[in-house]
Amino acid sequence: MPELPEVQTVLREVVKELQDARIEGLECLYPGTVIVDPELRGIAWPATLTGYERRGKYMLLHLSRGNSLIIHLRMTGKLVSTRIKDEASCHERACILLEGGHKLRFVDIRTFGKITLCRTENIPRFMPNLGVEPLGGDFTPAYLKQLFRQRKTPIKNALMDQTLIAGLGNIYANEILYRSRIDPQTPAGSLSLHKLKRLEEQTRAVLSEAIAMNGTSISDFRRVDDKSGEFQNFLQVYQKEKCPRGHSVQKIKQGGRSTFFCPVCQK
DNA sequence: CAATGATCCTGTCCGC
DNA sequence: TGCGGACAGGATCATT
């Protein structure tokens with residue numbers, strides 16, 4: 001499932017794919033996958049990439065002519081370059097057309113992913129309110145203390161709430177809590193500054209390591225070049241029977257999602 | 001405002 | 001063999 005490290009990985013590779021190519025169009029191949037800003041008038045193409053950024057799990061690609069693409073992979077979205085693999089897929093939902101007949105295919109089994117083409121100044125209209133960037137300077141124990149104040153929701157749910165912290169999903173929330181030795185059921189607002197310090201440090205550590213390893217390929221995440229990430233080899237609790245210290249990992253449901261944790265290591 | 005639950009969607013896996 | 005059902009899960013919307 002693409003979370004922050006996977007999105008970062010894909011963005012880096014998409015940029016490499018787009019930076020020297022003229023973008024000639026955007027094709028929608030499944031109803032609703034491509035959203036076009038009604039204020040975008042006239043001709044958007046051809047365009048070139050003028051900048052890019054990641055915000056939470058969203059990729060923003062800024063184009064010439066004052067337009068931008070907002071890409072969200074949701075659960076099963078993939079961007080596949082025809083330079084690497086030119087093979088049709090029945091799950092192709094959209095397509096970015098490049099000069100020379102090359103394409104960047106948006107392949108998405110479950111059809112939840114979206115590509116929005118909008119005026120750059122209208123980006124906020126097409127994006128939800130997102131919380132703090134977990135690798136940014138604002139992400140500090142004191143900030144978390146304030147953010148979680150009065151919150152009774154379990155810390156696991158809070159970590160995955162994109163309006164609080166942007167970019168964490170189920171896999172990394174589980175891993176971060178294990179490495180922080182925090183019980184995922186702990187009410188967020190009751191965590192001591194001491195534990196929040198561990199949480200902050202481990203969040204940065206886990207995400208940085210995962211980015212360095214090109215993300216986690218569980219089930220169907222693939223990079224633009226169709227290679228897998230490598231971080232799945234370093235997961236400590238997610239879908240594991242035993243934690244690294246040999247204790248049984250417990251699986252529970254929180255907010256409809258699977259939580260994996262070690263009741264011995266995490267208090 | 002906070003928290004919860006249903007919804008969207010399809011491939012995979014399990015039990016009968 | 002095949003069918004039904006559960007599961008996976010990010011974001012959004014409705015409800016409490």
Side-chain angles (χ1 to χ4, degrees), chain A residues 1-11 28-35 54-60 70-80 89-94 106-116 123-134 144-177 184-191 207 210 215-222 229 231-232 235 237-241 249-261:
Chain A
M1 316 303 131
E3 303 178 33
L4 189 153
E6 290 75 41
V7 174
Q8 190 75 49
T9 299
V10 170
L11 178 60
C28 183
L29 303 171
Y30 182 89
T33 295
V34 170
I35 296 163
R54 179 193 53 73
R55 190 68 185 93
K57 299 174 197 171
Y58 290 80
M59 289 180 266
L60 301 180
I70 307 171
I71 304 180
H72 198 303
L73 304 171
R74 287 294 251 281
M75 275 117 65
T76 54
K78 285 186 269 193
L79 286 159
V80 184
S89 163
C90 59
H91 302 303
E92 186 174 344
R93 311 302 183 189
F106 185 62
V107 177
D108 182 17
I109 294 171
R110 272 173 259 185
T111 73
F112 291 172
K114 298 274 180 278
I115 299 182
T116 301
I123 285 174
R125 278 187 218 175
F126 295 93
M127 298 258 294
N129 287 324
L130 293 174
V132 65
E133 281 290 333
L144 293 176
K145 186 80 191 160
Q146 168 66 23
L147 187 68
F148 295 152
R149 204 168 50 100
Q150 304 290 56
R151 262 174 218 275
K152 298 192 174 92
T153 197
I155 183 60
K156 162 82 177 334
N157 300 38
L159 286 182
M160 290 177 58
D161 184 335
Q162 303 300 301
T163 67
L164 300 178
I165 299 167
L168 303 182
N170 202 32
I171 297 174
Y172 292 105
N174 279 304
E175 294 298 311
I176 288 164
L177 287 168
Q185 301 162 107
T186 313
S190 75
L191 287 168
L207 294 179
T216 300
S217 291
I218 289 277
S219 65
D220 39 25
F221 169 70
R222 291 293 181 279
F231 195 71
Q232 66 279 9
L235 298 176
V237 283
Y238 184 77
Q239 291 183 346
K240 300 289 180 192
E241 301 260 310
V249 169
Q250 205 176 323
K251 182 181 177 185
I252 59 171
K253 283 275 177 197
Q254 288 185 292
R257 303 285 176 261
S258 299
T259 295
F260 296 84
F261 76 109

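Letters A, B, ... mirror the listed sequences (proteins, then strands); counts begin at 1.
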#### Entry: Sugar-phosphate only, base, or nothing, as touched by A:Tyr238 at under 4.0 Å among non-hydrogen atoms
sugar-phosphate
### Message
At 4.0 Å (heavy atoms only), tell me whether A:Lys251 reaches a base, stays on the sugar-phosphate, or touches nothing.
### Response
sugar-phosphate
### Task
To the nearest 0.5 Å, tell me how far A:Ile165 CD1 sits from A:Leu4 CG.
11.5 Å
## Note on the structure
Rounded to the nearest 0.5 Å, the SG atom of A:Cys90 sits from the CG atom of A:Leu29 at a distance of 12.0 Å
Note, [X] side chain near [Y] side chain (heavy atom, < 4.5 Å):
X	Y	answer
A:Leu11	A:Leu60	no
A:Pro2	A:Val10	no
A:Glu6	A:Leu73	no

### Message
Taking any atom closer than 4.0 angstrom to a non-hydrogen atom of chain A, what span of DNA chain C does the protein reach, first nucleotide to last?
### Response
C:dA8 to C:dT12
Between the main-chain N or O of [Y] and the side-chain N or O of [X], is there a donor-acceptor pair closer than 3.5 Å?
X	Y	result
A:Asn174	A:Tyr238	no
A:Lys145	A:Leu191	yes
A:Gln254	A:Pro184	yes
A:Glu3	A:Lys57	no

### Task
Check side chain to side chain donor-acceptor pair (under 3.5 Å) between A:Lys156 and all other residues, then give those that pass, not counting sequence neighbours.
A:Asn170, A:Thr259
### Query
Without hydrogens or angle criteria, can the side chains of A:Tyr58 and A:Gln162 be said to hold a donor-acceptor pair below 3.5 Å?
no
### Query
Name the one of A:Ile155, A:Asp161, A:Asn157 that satisfies side-chain contact (heavy atoms from CB on, under 4.5 Å) with A:Leu159?
A:Ile155
Contact list (N/O, under 3.5 angstrom) for nucleotides 7-15 of chain B vs protein:
residue, atom, partner, partner atom, Å
B:dG11, OP1, A:His91, NE2, 3.4

### Summary
Taken in chain and number order and not counting sequence neighbours, the residues that satisfy side chain to side chain contact (heavy atoms under 4.5 Å, CB included) with A:Thr111 are A:Tyr30, A:Arg93
Under 3.5 Å, which protein N or O atoms sit close to an N or O of nucleotides 1-4 of chain B? Give each pair with its distance.
residue, atom, partner, partner atom, Å
B:dA2, OP1, A:Arg151, NH2, 3.1
B:dA3, OP1, A:Lys152, N, 2.8
B:dA3, OP1, A:Thr153, N, 3.2
B:dA3, OP2, A:Arg151, NH1, 3.2

### Query
At what angle, to 10 degrees, do the two end axes of the helix from B:dA2-C:dT16 to B:dC16-C:dG2 meet, given five pairs define each axis?
50°
